[in-house]
Each structure stands twice: as structure tokens, then as C-alpha cells.
Protein chains: 2
Amino acid sequence: MVTIQDVAKAAGVSAMTVSHVLNDHPHVRSETRARVLQAIADLDYRVNVAARNLRTGRTGTIGLAVPEVDRPYFGQLAAEIIAAAARHNLKVAIEQTGASREGELDALALSRNRLYDGLILSTVGLGPTDTDLLKVDYPIVILGERIFDGPVDHVAMPNVEGARAATAHLIERGCRHIALVDGGAQGEEVNVSSLRYTGYRQALDEAGITFDPRLVAPTARFTMEGGAAAARRLVDGEADVDGVFCVTDTVAIGVLRGLADRGVRVPGEVKVIGFDNIAEGAYTVPSLSSIDPDHSLMADTAVRFLARRIKEKGGKREVAREFVSHFTVVARESTAAG
Amino acid sequence: MVTIQDVAKAAGVSAMTVSHVLNDHPHVRSETRARVLQAIADLDYRVNVAARNLRTGRTGTIGLAVPEVDRPYFGQLAAEIIAAAARHNLKVAIEQTGASREGELDALALSRNRLYDGLILSTVGLGPTDTDLLKVDYPIVILGERIFDGPVDHVAMPNVEGARAATAHLIERGCRHIALVDGGAQGEEVNVSSLRYTGYRQALDEAGITFDPRLVAPTARFTMEGGAAAARRLVDGEADVDGVFCVTDTVAIGVLRGLADRGVRVPGEVKVIGFDNIAEGAYTVPSLSSIDPDHSLMADTAVRFLARRIKEKGGKREVAREFVSHFTVVARESTAAG
DNA sequence: TTGTAGGCGTTATCAC
DNA sequence: GTGATAACGCCTACAA
């Protein structure tokens, strides 16, 4: 293995000068710099990242903990985060938490091992009782709801408002019997399900539509399979349905499939809208209306928050920040009139 | 920061004993071990991974270079690789190459910086002229075609055979005018497109169906958008079409959409089959027939190959291995009879 | 079964 | 503008 010492010897300088060249420090005579660079090229020298990490106390890598990368929403989120991190010269290592509390705790532990300079954590399993776990001395950004009072940066979606807009959109298109396909357990904890449920209820109230609990179809997990099963249950049930608000687009794709299984026409008999605006929604048949929360901006903001904390280091800690993204309603065929 | 020395002091032992405990070395009296573990817990000690890496020359992390994580196929592949790597106690850092030669070269350079113990590279851009680049002294596994003669492990799909089976499946279901929606540039280089094209041609020949070049619809990239555009072009063209073999499921989802745009019924007027068997295919309307190459086995094999190379270290280098996955035809609604 | 010495390759500090 | 020195925290040898 060729080290910085070898390069120094070959270039007739000290190791420190090579280091200065490597790190773009200013005070190096351009002639010296050229000689060093030549030696680096000749020897095909590569910095040893482990040694640099040990010395500097940084790894240049951040962790991204998501439930599963193979769900379109998180895959697309990961892609955006990786791109945003690259703009800050940061690498991204992905942890899969399996949407469980244990998985999320594991991800936290990894950062404590200084494997990563910081962590972006997409929470699902952690609850208010875990607040203490986040009172740590390394940078964390939570992607999700502000369920903690602790001093942790948050980047959140406009869940209530988006869900209200989605439901209002169905009402505007003539629906009066609007089902909710959702993660269940509404109102007990603050999470994606409960917030979107809240928005759904608000829209019904505003339109003077009576809430019908028979129209709430829970799905254990946010999967296509769960959505399909929920849709079939709704159709087979006794209550009329003419619209469905789905907690995520992934669930909505399942719902479209479940309705097709029962021969229900969309949007003719039932209209459907999702949440997230994943790329696939533009290509389903019928194409899927959705709420677009601007993932790109969320990813960029999360990385910016984290990079700021990483830089802050030992100095004064800034106050925790929160960013709630905006959204737009994307109307496609699944909520078309008629 | 609490170091191994602090733990040693607190436990009344030397740093080495702590190290032995940390690394599960056998010769430690259980009483001593208990005292050390207690001290670790008391002080909330965490190993410094950078220091360990420097000392051992390993990072415990492998790189996974894929074109884009936000395409379902690669997202699902990444999830499988991460799971398989976890079984070998390896972390996975994801690099996005953007399906370009430059991106793939960058990913290779990262491993040379010893950021990763090894690299799984899903090639798209590298060609036979880049063989030299892979003659490196660190572990690499290529996920894709055996386009190099170099001593590099490969894990490949049964591209020709799978494509032939897919096309034969359409023929068996009564199709006689079978289009190919594909990446273009067939036959010039050995890549996914050219191999699947070969399989398509073989199946036609075997069935005595004359190849019609008007039925080949190239898409610049393997996207839903490209698939939709290709399908519209096919329908608008002058040649009859009653079946479409799509180079990937992602493209096939686009094709289903493009056919819907033109009011073509699937499978009534045109039957469609894809390749990859991504999860979404079971939930499209109509659901998508496909070739399933057993990703899980491929991911597991790729990680096993890489782990073996990593262990091999300075010792004798084993010969390069190649693994070609098997496949099954998954028949769903999009190729149903009638 | 436990401890001592030394160095992995880099960079911060400060001197020249 | 350049260089000597001293860590960073851990683990491989070997000794006790």
C-alpha cells in the first residue's frame, strides 16, 4: 500500500505538504503542488479514508434509516437524499428498519458508534415515550412528525392539510360516501395515519357530510396488498362508497387493483385519490390522483439541516428547527368527473 | 469521548482485556468479562469504528452501485442486497451511477479509496474496452453480463433464455405479431437489450414466425415513460400487433399505460409480458405477466461471492466465478387467453 | 488468562 | 510556504 509518506519521498517534500495539497490548503507554491500531484499520479496514491476519519473524527457518511427501500416512496426518497447529500460531499448509507421500533433503535445505535456523522431517521415505530433516546449529542434529523419535544430537527409533510385537500377534492368531484383506507388506530398517537385521518374528518365536517365509521378500512401496513384487501372489504360491505382517500399512493395502487377485482369502475363508480405522488401514479390505469408534498424540497431540507448540525460540532448548538413542506393536489384520471 | 482505556481503568483491567471482550475472544474469565461489560454499560462506551478500521484494514461496509434506487427493480434489488449483507455483518452504502460510464467509474474509485471492503456493481455503462479497470486488487462482483474476460466474479440473469420463454409464452397464448419494446442498439454490444433481443428472435424462429423489424420499438432508457411512448408508436404504426414483450417490467407498466391511452384492450386485443417480476406487476390493471429471475437468490449469491473475496485477503486468489440465475414464467392477466 | 509495546496513515499544531 | 512532532483509538504480536 502506498502511503502519504511514499508520495512525500517521491516528490521530495514532507508528508504535511502532501496533506496540504490533498486538502486544497492555500499556502502551497504552485510549483510544489504540481510536483506533489505528479507523484500522486505516478504512484497511483489513494488516501486511506479510515486513517483520515480517525484523525478528523468525521466519516463523510450519513445514515438514512427508512422502513424499506423497496417501497416506491422510500426508494424515491432515498434517491433524492443521496442526490442532496452529494451536493454536500456526503455519502449515504441506508439502513432498513423494517418499520419497527427495534430497527429504528438499531439505526440510532449505529450513529453512536460514529459510523456516520449524522442520521436522517424516517420514524414509524418510535413514540413519545422514546423521547430520551433522541437526546443525544450527535446530529439527527427526523423525517416525520414532531412527536417529540426534544431538541431535534424535524422535516414533516403537511399531513393534515394534504389529507383535507385530498378529501375535499373528492367532494368537489361529487363524492358523498368517501371511504378512508388507512393504517388504523386513529387518534391514539400522533403519526401519519392519525394526522391524515384528522384531515379527512375535517374535510367531511367542512362539507357537512356525516362521518360513517363503516367507511374506514384499516390496513395493517402501508402495502399494495393491504390496499387491495381493504378495497374488496369496502365493496363487499353494506355501506355505499363513491370515493376513497388512501393514506399513501402505494396503498392506493392496491385499492385500484382491489376495485378491479370486484369489477368496480374507476372513476365512473368510485373515485380514488392517494398521497405522496410517487412516480408510478402517473402510469397506473386509471392514472392516480394524489397529493404531492414536494419530496425534493423535503430531502434537500433534511440534508441541509443535518449538514448544519454536523458543521456546528462543539460550538454553540442552534435551536431545533422544523420544516413543514407545502403540497399540491395532482388531479389525474382516478378522480376525473363523470 | 470515552475510550477503551477509560473502560479498562473503570473495570480494573488492561485495554487489551476490554478489546478481547469486545471481539468475543474466548480466553477471558467470565467474571472478568462481566466486570468489563458492566464498565462498558456504566460509561456508555462505544467503539470508535474509524480506529478499528484503521487498525484492521477493513470497514465492514460494502458499496452497491446501481443506476438509480428509485426504479423499482433496483430498489427491490437493493433491499435484498442489504438484507443479504446483514447476514454477513456487512453494511451497504449505495452509490447511484445514473446509468452512465462515468458514474460507474466513480463507484470503482471509491473502493480504491478503501471506503468499502468491496463493491457490487450493477453495470450498464461499462463496456469491453473498460476491462482493464476491473483488474484491480480489491473485491468486486459484477451484477450483469459477463462482458469481460477479466478475473471478476459475475452474477447474471438468464437473459436469453428468459426472453425466449417470455416470447414463447405469448406465442403459446396465440400471438403472431409480437412487438419488442427494448433499449435499442441490438447486437452491437453484449448487454441486457441485446441478449433479450436474441431470446426474442430465437423464440420467433422456433415458432416459424417471420421477424418484422417494424415491430421493434426502442426506448432510450428503461423507463415507464419510454414504454408508454413506444406503445403509442406501435399502435399508431402500420404493422399489426397482438403481443408485446417488454425488456423490463418498468417498461411494461409504461406499455400498459400507452395502450390504455390508445384505447387498446389488454389482454383482449394485445397481450403484454415483461421481465423482472417486480412487486408492482401483481397490482397493475391488468396484472402483468413476467419472467421471475429469483432476485433473492441473485442478491444472496452476489453478497456471498463478495464476502468470500473479502475473506480471501492476501492469501491465494480463487478463480473467478459466475452464477446465472434460473427463472420462472409468471402468467397473470396481461397474457390471459381470449 | 491477562498485560505491554508499538504502530496502522493521517492531520493539527506550531515552529521555522 | 514548508516541515517536525505528536496524537487520534484501536488491535496484532508477543511476553508474562
Ring centroids only, cut at 6.0 angstrom: are B/Phe305 and B/His154 within range, meaning strictly under it? no
Output yes when A/Arg101 and A/Glu104 qualify as a salt bridge under the 4.0 Å nitrogen-oxygen rule, no when they do not. no
Going 5' to 3' through nucleotides 7-16 of chain D and flagging B where a protein heavy-atom sits under 4.0 Å of the base, S where only the sugar-phosphate is that close, and - otherwise, we get BBBBBB----
What is the distance, to the nearest angstrom, from the CG atom on A/Asp6 to the P atom on C/dC8? 11 Å
Which value, rounded to the nearest 0.5 Å, describes the distance between B/Ile81 atom CD1 and B/Leu143 atom CG? 5.5 Å
Roughly, in whole Å, what's the span from CD1 in A/Ile40 to P in C/dT10? 10 Å
Should we say atom CZ of A/Arg33 is surrounded by more than 12 heavy atoms from elsewhere, each under 6.0 Å from it? yes
Would you compute the distance between atom CZ of B/Arg46 and atom CG of A/Leu115 and round it to the nearest 0.5 angstrom? 12.0 Å
